[in-house]
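The following block contains the structure, expressed as structure tokens.
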Amino acid sequence: MATQRIVIDPITRIEGHLRIELETDGGRISNAWACTTQFRGIEKIVQGHDPRDAWALVQRICGVCTGVHAMASIRAVEDALKYPVPRAAELIRSLMMEMGTIQDHVIHFYHLHALDWVDVVSALKADPEQTARLAASLSDWPTNSAAHFGAVRKKLQDSVAGGQLSIFSNGYWGHPDYKLPPEANLMAVAHYLEALEWQRDVIRLQTIFGGKNPHPNFLVGGMACSINMDNQMTINQVSLAQLEGMVQRAGDFVEKVYCPDVMAIASFYKEYADIGTSSPQLMAVGEGGYSCAGIPAGQLKPGIVTDDDVTKLHPFDLRKIAEYITSSWYTYPDGDKTGRHPWNGETNPNYTGPPPPYHHLSDNRKYTWCKAPRYDDKAMQVGPNARLLVAYAQGHAATVKLLDEALLKLGLRASQLNSTLGRTLGRALESQLMARRMTETFDTFMEGIRGGDVNTFNPELWEPDSWPKSAQGVGFVEAARGTLSHWVQIENRKITRYECVVPSTWNSSGRDPLGQMGPYEHALAGDGRHPLRDPKRPLEVLRTIHSFDPCQSCAVHLTDLRGTPIGEVMAR
Ligand code: NFE
């Protein structure tokens, strides 16, 4: 069969703009390119600013992983200034990161990814009684009743009768690769709708601590909220009770709805544990001061595993990071072959692709706005599956137990977390660990308050007069999609250099000078076995790309060290 070129643009149910170009040959994918077609320049704005303000600006990079860029920013500045932070503030930050990650994972599963596995139209054929029996076999979640499932089915039927599927329009419904029985489809659709309400409720934790959401307030040297039981305007008895409820409800939904649904759906699609296997290096770095992947602060050793050997942890060394532009629309002063470390980062945009409407971007060596970060010159997969395997490799007991139990139930090996199904499963299991951890973080926070530990801000280094003339710092955060780092250089109290190396940049990068694909590309075309049954309905491709939870808004950034205009972008 002749090779066929296929373009999927835009990939929907992601954040930002991603185009996938493919070659397919007799039902298999033989080549793939990930093209980030979005260009933006938010870090440029922070040049010349007071470093204490950077968090507010850079967190506008993305409203999906809300908070993580602010967090990485304040950590970078605190690292540069050697700024100690009070314990209560560290615990508040941990709670915000934990809840943010859980919310992000649940939204990803139900609202961005589930419909790759769940056929909404098939749900119309489901029997609500049988659906209730199926759901009861998985958990005792209170709304799993025949009456509730009947009402959801009616809502769907009314939408179809009205000639539209509303939020469920334009799926590949009826594709032969949908395998769930109608009852499982109806259960998942009901939980999709419930998850919309749930996520709005629980993320108010960030609003209580940070004033609003998305983009809550943070503070270099502490947190921008105070604790006082006698004051109505602060964290007090009432807000603590509300927070406790949110922590509880977040955990309940993860344990009783999200994880059982993922496990049930996974059991019908086990072949996807051998599809979408990507770059064999998986990396997690985390941040010493905070819990990471459900592991208490400071207990996760940063490292790299290769998916062939999940018993060995290779140490992480931040000097080994470099960003390449071989396939990206940028220039470096010393050419395309040499990578640059983030301390030395440069971003000079130089679009050399065809004018729109273009046919194939991948006809050109440069085809994306995404840079290619590499560690020790190797592509790295980052994300929940990487974190779980890094924790597993270092024998973290709770991770080993949870992962082994889930893998045993599904008949999978730990190394199969490096797959389309593995990334999706890993996200759910991490949420479970994270939700349990969040309960413990909350208990520790409450104990501290009872013991009088209510200080949330350290004024010691707030005044710039107390800073060194020149300083540089880095903040690592394990964001929902993987390892995030912000790198800041401060001269004479102002930011002179700022660089973000972001999870989706690691995962959605293009080719590097060695010709290595980025992880999205590798997952699709690394072994020539990825299926694509019907090029007009590329459901299998969506499954694999969505399994990474792409965020192209996070992936693309722009820095200019001199603060001069660096390019023009024409909007058509
Ligand atoms: Ni916009 Fe974000 C960051 C990425 S993390 S979503 O940082 O990639 O989940």
Side-chain angles (χ1 to χ4, degrees), residues 11 13-18 34 36 38-40 42-43 54-55 57-76 93 96-109 111-113 199 203 206 213-216 218 278 282-287 290 292-293 321 323 342 368-373 379-387 423-424 426-427 430-431 434 474-487 498-509 518-520 545-558:
I11 295 263
R13 293 193 185 251
I14 65 165
E15 164 68 9
H17 304 283
L18 175 67
T36 299
Q38 173 188 41
F39 170 82
R40 55 191 283 172
I42 213 155
E43 296 125 292
W55 66 267
L57 300 165
V58 296
Q59 83 162 327
R60 266 65 186 177
I61 286 170
C62 182
V64 169
C65 55
T66 185
V68 300
H69 289 286
M71 183 76 198
S73 178
I74 57 173
R75 292 303 291 161
R93 291 176 182 183
M96 290 175 75
M97 293 298 105
E98 285 157 1
M99 187 64 97
T101 300
I102 294 168
Q103 184 220 24
D104 212 328
H105 285 356
V106 170
I107 290 176
H108 169 260
F109 178 67
H111 309 133
L112 305 181
H113 191 32
Q199 61 85 26
I203 204 60
Q206 292 206 352
N213 182 275
H215 300 145
F218 285 80
S278 186
L282 297 97
M283 180 176 86
V285 178
E287 157 65 62
Y290 305 94
C292 170
I321 295 175
E323 290 190 288
T368 179
W369 282 114
C370 188
K371 287 183 181 179
M380 291 283 144
Q381 234 182 116
V382 297
N385 64 340
R387 289 192 283 263
R423 283 181 286 273
T424 301
R427 201 169 281 112
E430 178 180 78
S431 300
M434 192 76 101
V474 58
F476 280 97
V477 169
E478 282 296 330
R481 287 159 191 78
T483 304
L484 167 68
S485 54
H486 282 208
W487 309 70
Y498 202 96
E499 191 74 23
C500 307
V501 187
V502 179
S504 293
T505 319
W506 285 99
N507 284 337
S508 66
S509 58
Y520 291 7
I545 292 297
H546 283 159
S547 72
F548 285 96
D549 192 3
C551 178
Q552 302 321 107
S553 307
C554 278
V556 177
H557 306 286
L558 171 64

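Counting convention: from 1, in listed order, for ligands and their atoms alike. What you are looking at is a predicted structure, and each value in this text was computed from that prediction instead of being measured.
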How many protein atoms of type N/O/S are positioned less than 2.8 Å from atom 2 (Fe) of ligand 1?
->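 My tally for this metal is 2.
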Go through the structure and list residues passing ring pair (Phe, Tyr, Trp, His ring centres under 6.0 Å) with Trp487, not counting sequence neighbours.
-> His341, Trp343, Phe476
Can you check whether Pro384's main-chain N or O pairs, donor with acceptor, with Arg423's side chain at less than 3.5 Å?
-> no
Arg481 vs Phe548 side-chain heavy atoms within contact, under 4.5 Å |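 Sidechains of Phe548 and Arg481: no contact.
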Does the side chain of His69 come within less than 4.5 Å of Val502's, by heavy atoms?
-> yes
From Thr505 OG1 over to Gln552 CD, what is the distance, rounded to the nearest 0.5 angstrom?
->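 Answer rounded to 0.5 Å: 8.0 Å.
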Residues Arg93, Arg75; criterion side-chain contact (heavy atoms from CB on, under 4.5 Å); working and verdict = CA-CA 11 Å; Arg93 291 176 182 183; Arg75 292 303 291 161; 3.8 Å; yes
